J.: 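Questions regarding the structure given below will be posed in turn.
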Protein chains: 2
Amino acid sequence: MSENKPKKDCCFASEGIEKVAKMLSPDEELMPLAEFFRIFGDFTRLKIIQALSAHELCVCHLAEIVNVSQSAVSHQLRLLKQYRLVKVRRAGKEKLYSLDDEHIMEIFNTGLMHLAEKKG
Amino acid sequence: MSENKPKKDCCFASEGIEKVAKMLSPDEELMPLAEFFRIFGDFTRLKIIQALSAHELCVCHLAEIVNVSQSAVSHQLRLLKQYRLVKVRRAGKEKLYSLDDEHIMEIFNTGLMHLAEKKG
DNA sequence: TGAACATATGAACAGTTATTCATATGTTCA
DNA sequence: TGAACATATGAATAACTGTTCATATGTTCA
């Protein structure tokens, strides 16, 4: 922590620093955002997301497609739902999952593009 | 794992499942993508990113702005650089960090928009 | 109703991660 | 050159995360 550290002008004047600090989104906005992005930061969940981008799917098929246990998918789907990446509807015995909105694939694809450009 | 589980047609025919499975990006692409997104999934790093979106900054100023120790920012900057979210240039004693490209804030802002829409 | 199917969930465990502390490296300038 | 400043890094630790296993809940249909 850097509480009462005297402000230095190494790269930039003190007023500038304050300005940048003030311009940051409030913690109540940035913390949920970090939680939201953390959901993208897992291989299994990323496969679930990409699979759902192609088709609404039930839990057992998702488990087959991403090749993890039913329990594991279910746990991940709970997170994905909690953070509004996916939505569900019941259809008989099954529950059909799909992506919540366009933002999800927008983020996914921007990430892919970034990596493609930086490759090598 | 779901190795030789007999394919069921619960929500969708078996051929459809195969199609979705085949359409997934290869692991060598999805795993780095997960690592890339994981970097966004931390409060401190998100603050660093947003601060850098406003201005190129040195380590000590970043530490002040995001309110963590110099060592902590430095460790995070190493990750941010490793995954190409930021770039550095030296200016005398200091090192000035800035965002690597537009994709970073594009992802950041799409996330913010998503949360804003889902609020409540 | 009850058997069979589909999904969800809690506890436990192994692996990962963010910070701190101490210290090392790199740069400037008197 | 060496003191002062700026940044980086390794080890240690506490907190968190993803999977598994066992089991519970919910739904259909005979």
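Quick caveat, the model's predicted, so the values are computed rather than measured. A, B, ... follow the sequence lines: proteins, then strands. Residue 1 opens every chain.
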J.: Just how far, in rounded Å, is P of D:dT7 from NZ of B:Lys93?
T.: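 Between P of D:dT7 and NZ of B:Lys93: 9 Å.
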J.: So for A:Ser71 and D:dC21, does any side-chain atom that can act as donor or acceptor lie under 3.5 Å from a complementary atom in the base?
T.: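 Side chain to base: pair present.
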J.: Among C:dT7, D:dT7, D:dT20, which is the nearest nucleotide to the side chain of A:Ser69?
T.: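 Between C:dT7, D:dT7, D:dT20, the one nearest the side chain of A:Ser69 would be D:dT20.
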J.: Between A:His75 (NE2) and C:dT9 (C1'), how many Å, whole number?
T.: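 After rounding, the reported distance stands at 6 Å.
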J.: So, is B:Lys95 near the phosphate of D:dA8, with a side-chain N or O under 4.0 Å from OP1 or OP2?
T.: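 True: B:Lys95 side-chain N/O within range (under 4.0 Å) of D:dA8 OP1/OP2.
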J.: Okay, side chain of A:Lys47, backbone of A:Val66: is any donor-acceptor separation there less than 3.5 Å?
T.: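 Looks like yes, one N/O pair under 3.5 Å.
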J.: Rounded off to whole Å, could you give me the NE2-to-C1' distance for the B:His61 and D:dT7 pair?
T.: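 Rounding to the nearest Å, NE2 of B:His61 and C1' of D:dT7 are 14 Å apart.
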J.: Ignoring backbone atoms, test whether A:Arg90 places a side-chain nitrogen or oxygen under 4.0 Å from the OP1 or OP2 oxygen of D:dG26.
T.: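 Looking at the OP1 and OP2 atoms of D:dG26, neither is under 4.0 Å from any side-chain N or O of A:Arg90.
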J.: To the nearest Å, how far apart are B:Gln82 CD and D:dA8 P?
T.: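 My rounded result for the distance is 14 Å.
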J.: So if I take every side-chain heavy atom of B:Ser74 and compare against D:dT17, C:dT7, D:dT9, which nucleotide ends up nearest?
T.: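 For the B:Ser74 side chain, the nearest candidate turns out to be D:dT9.
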J.: Is any NZ, NE, NH1 or NH2 atom of the basic residue among B:Arg84 and A:Glu117 found under 4.0 Å from an Asp or Glu carboxylate oxygen of the other?
T.: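 Salt bridge between B:Arg84 and A:Glu117, a charged N being under 4.0 Å from a carboxylate O: no.
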J.: Return the minimal non-hydrogen interatomic distance between A:His114 and B:Asp101, and the atom names on each side.
T.: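 Shortest heavy-atom contact: ND1-OD2, 3.1 Å.
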J.: Can you list the residues that meet the side-chain contact (heavy atoms from CB on, under 4.5 Å) rule with B:Ser53, with sequence neighbours excluded?
T.: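 B:Ser53 satisfies side-chain contact (heavy atoms from CB on, under 4.5 Å) with A:Met23, B:Gln50, B:Leu99, B:Met105 only.
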J.: Search all heavy atoms of B:Asp42 against all heavy atoms of B:Thr44 and return the closest pair with its distance.
T.: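 Closest heavy-atom pair between B:Asp42 and B:Thr44: OD2-N, 3.1 Å.
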J.: Nearest-Å distance, CZ (B:Arg89) to C1' (D:dA6)?
T.: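 In whole Å, D:dA6 C1' lies 15 Å from B:Arg89 CZ.
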J.: Look at the aromatic rings of B:Phe40 and B:Phe37 and report parallel, tilted or perpendicular, splitting at 30° and 60°.
T.: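 Answer is tilted, since the angle falls between 30° and 60°.
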J.: Within the structure, does a side-chain N or O atom of A:Arg45 lie under 4.0 Å from either OP1 or OP2 of D:dG18?
T.: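 Yes.
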J.: Can a salt bridge be assigned to the pair B:Glu94 and B:Arg90 using a cut-off of 4.0 Å between side-chain N and carboxylate O?
T.: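 Between B:Arg90 and B:Glu94 there is no salt bridge, as every charged N stays at least 4.0 Å from the carboxylate O atoms.
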J.: Could you say whether A:Gly92 or A:Ala72 is positioned toward the 5' end of DNA chain D, judged by the nucleotide with the nearest heavy atom to each?
T.: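 Whichever sits nearer the 5' end wins; that is A:Ala72.
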J.: Send over the distance from B:Phe43 CZ to D:dC16 P, rounded to a whole Å.
T.: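 About 15 Å, once rounded to whole Å.
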J.: Check this one for me: any side-chain N or O of A:Gln76 less than 4.0 Å away from OP1 or OP2 of D:dT19?
T.: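 The answer is yes; a side-chain N or O of A:Gln76 sits under 4.0 Å from OP1 or OP2.
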J.: Report yes or no: is there a donor-acceptor pair, N or O only, under 3.5 Å between the side chain of B:Gln70 and the base of D:dA6?
T.: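 Check fails, no donor-acceptor contact within cut-off.
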J.: Between B:Cys58 and A:Gly41, which is nearer to the 5' end of DNA chain D once each is assigned its nearest nucleotide?
T.: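 Per heavy-atom nearest nucleotide, the more 5' residue is B:Cys58.
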J.: Look at the side-chain N and O atoms of A:Arg38 and state whether any lies under 4.0 Å from the OP1 or OP2 oxygen of D:dC16.
T.: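 Checking D:dC16 against A:Arg38, no side-chain N or O comes under 4.0 Å of OP1 or OP2.
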J.: Between B:Tyr97 and D:dA6, is there a side-chain N or O to OP1/OP2 distance below 4.0 Å?
T.: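 Result: no.
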J.: So that I can compare with my own list, what are the stems of DNA chain D, taken as at least three consecutive Watson-Crick or G-U pairs with distances under 3.5 Å?
T.: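 Expected stems, ordered by start: C:1-30 with D:1-30.
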